[in-house]
Asker: 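One structure coming up, written as structure tokens, with questions to follow.
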There are 2 protein chains.
Amino acid sequence: MATDRDSVLEAAVGVLSRRPTAHLDEIARAAGISRATLHRIFPGREALIREVGAHSLRKVAGALDTAAVEEGDAQSALRRLVDAVVPDAALCAFIAGESQLYDDPEINELWEIQDARVRALFLRGQQEGVFRIELSAGWLSEAFFDLVAGVGWAVQDGRLAPRDSAFSLAELFLGGALRRTETP
Amino acid sequence: MATDRDSVLEAAVGVLSRRPTAHLDEIARAAGISRATLHRIFPGREALIREVGAHSLRKVAGALDTAAVEEGDAQSALRRLVDAVVPDAALCAFIAGESQLYDDPEINELWEIQDARVRALFLRGQQEGVFRIELSAGWLSEAFFDLVAGVGWAVQDGRLAPRDSAFSLAELFLGGALRRTETP
DNA sequence: ATAGAATGAGACACCGGTGTCTCATCTGAT
DNA sequence: ATCAGATGAGACACCGGTGTCTCATTCTAT
């Protein structure tokens with residue numbers, strides 16, 4: 001049974017990433033607690049959503065830390081980031097699908113920080129000659145998160161095996177869909 | 001002023017792709033009509049959402065037809081598909097973000113048909129030796145639509161210039177983020 | 001075993017959105 | 001000019017979700 005905040009938040013992400021309009025009853029049931037207890041932990045729906053967003057962003061920030069994206073060559077850093085972020089792909093799916101969060105300044109700032117770190121990674125990679133310069137760092141960052149969210153949804157719905165997710169994400173994003181006769 | 005069904009549907013997509021929980025007032029205002037007229041055209045919110053989904057899927061099907069994805073070599077077919085679908089990227093963003101649509105069997109079937117066509121394209125490309133076989137056709141299809149939706153959001157929010165959208169999408173998806181010393 | 005705290009189940013009022021109605025106004029055709 | 005049809009604005013009841021409360025039950029520490 002999940003009684004502490006973080007466990008409830010994890011359960012809430014699982015439900016909300018699929019259906020952002022899920023009722024509090026459903027979220028409470030998913031967390032294994034009653035609606036009354038859910039209300040005791042979080043003052044209301046708005047607060048819950050906000051905390052779920054903040055919690056998700058903290059975990060994304062943790063993944064960026066774990067991957068040490070600021071260190072080493074850019075390609076290896078991105079591969080580390082993929083491995084670190086894929087287990088929390090559902091969180092990214094939630095953040096991506098939740099536009100109303102962007103009204104909250106605190107959430108917005110947290111997101112901006114993480115996005116800037118990823119953009120910086122791509123910019124560094126472009127300067128190192130690792131990443132293509134025809135595609136803007138902003139677009140690379142956005143597309144990367146789109147694919148991470150896509151992986152989250154696909155795994156949740158059983159369309160992609162968790163075992164394959166990191167490989168599929170990294171290979172498609174880095175190498176593209178086209179087959180190459182020789183690797184650079 | 002938008003009085004016919006399709007104009008209203010287009011306006012509704014513009015609002016709903018950003019905020020799926022937008023009120024009918026907002027949708028009506030975006031379409032330039034009153035809430036009363038909106039109700040005269042569509043019996044209710046549920047019917048409106050369903051029609052918006054069907055309308056979006058019809059346009060995606062039209063894009064697949066326009067691109068003639070079943071003809072020619074797979075890479076050219078995909079590039080044609082990108083050009084055809086990018087103008088309606090917002091529609092894909094709406095479909096991607098709307099999970100509750102999947103309860104409707106008619107919508108589900110329509111979607112399944114289009115997804116199957118795209119999967120067949122990737123399968124054909126893999127058999128032709130154009131697309132990589134390490135990535136499943138199902139994942140390629142899913143990732144492609146994820147990126148199309150991402151383009152739709154990015155363009156809507158002004159983070160990506162419409163002029164660059166087709167190029168950015170096709171190049172990243174086909175070629176990946178890595179810079180190559182030689183093209184195949 | 002017992003007291004205190006925490007939880008679950010249910011009841012209930014409140015609120016915002018929706019669906020429906022009426023009526024005034026506007027448009028277009030004759 | 002006149003009439004029929006369509007539209008907009010507003011009012012209003014209904015409904016589902018939310019927020020709050022109470023009370024019985026369960027868990028936990030002493």
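Below, read A as the first sequence line, B as the second, and so on, with proteins coming before strands; counting in each chain starts at 1. Both backbone and side-chain heavy atoms feed into the values below; hydrogens, waters and symmetry mates do not.
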Asker: Would you say the ring centers of F145(A) and W111(A) fall short of 6.0 Å from each other?
Answerer: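 Yes.
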Asker: How many Å lie between CD on E26(B) and P on dG16(C), as a whole number?
Answerer: 17 Å
Asker: Grab the CZ-C1' distance between F42(B) and dT18(C) for me, whole Å please.
Answerer: 16 Å
Asker: Answer yes or no: is there a donor N or O on one side and an acceptor on the other, between the side chain of S141(B) and the main chain of A137(B), under 3.5 Å?
Answerer: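 Not a single qualifying donor-acceptor pair exists.
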Asker: Nearest whole angstrom, please: distance from the P of dC15(D) to the CD of E46(B).
Answerer: 16 Å
Asker: Flag the pair R79(A) and E171(A) as a salt bridge only when some basic side-chain nitrogen lies within less than 4.0 angstrom of an acidic carboxylate oxygen.
Answerer: yes
Asker: Are the side chains of V52(A) and L48(A) in touch, meaning some heavy atoms are under 4.5 Å apart?
Answerer: yes
Asker: Among the nucleotides dG8(D), dC21(D), dG19(C), which one has an atom lying closest to any side-chain atom of S34(B)?
Answerer: dG8(D)
Asker: Examine the base of dG10(C) for any acceptor or donor lying under 3.5 Å from a partner atom in the side chain of R35(A), and report the outcome as yes or no.
Answerer: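 It does not, because no donor-acceptor pair links the side chain of R35(A) to the base of dG10(C) below 3.5 Å.
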Asker: What's the CG-C1' distance between L24(B) and dG8(D), to the nearest Å?
Answerer: 16 Å
Asker: Kindly state whether the ring of F144(B) and the ring of W139(B) have centres lying under 6.0 angstrom apart.
Answerer: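 Not close enough - the centres of the two rings lie 6.0 Å or further apart.
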Asker: How many Å lie between CG on D4(A) and P on dA6(C), as a whole number?
Answerer: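 Going from D4(A) (CG) to dA6(C) (P), I get 15 Å.
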Asker: Provide, to the nearest angstrom, the distance between the CG atom belonging to L48(B) and the C1' atom belonging to dG19(C).
Answerer: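 After rounding, the reported distance stands at 14 Å.
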Asker: Whole-Å distance between dA9(C) C1' and L38(A) CG?
Answerer: 15 Å
Asker: Nearest heavy atom decides the nucleotide; on that basis, is D25(A) or R40(A) closer to the 5' end of DNA chain D?
Answerer: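 Upstream on the strand: D25(A).
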Asker: Choosing from dT7(D), dT18(D), dT18(C), which nucleotide comes nearest the side chain of H23(A)?
Answerer: dT18(D)
Asker: With a 4.0 Å cut-off on heavy atoms, is H39(B) in touch with a base, just the backbone sugar-phosphate, or nothing at all?
Answerer: base
Asker: Whole angstrom is fine here: how far is it from CD1 in I33(A) over to P in dA9(C)?
Answerer: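 Rounded to the whole Å, the gap is 11 Å.
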Asker: Which sits closer to the 5' end of DNA chain C, R45(B) or A36(B), going by the nucleotide each is nearest to?
Answerer: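 With R45(B) and A36(B) compared, the 5'-side residue is R45(B).
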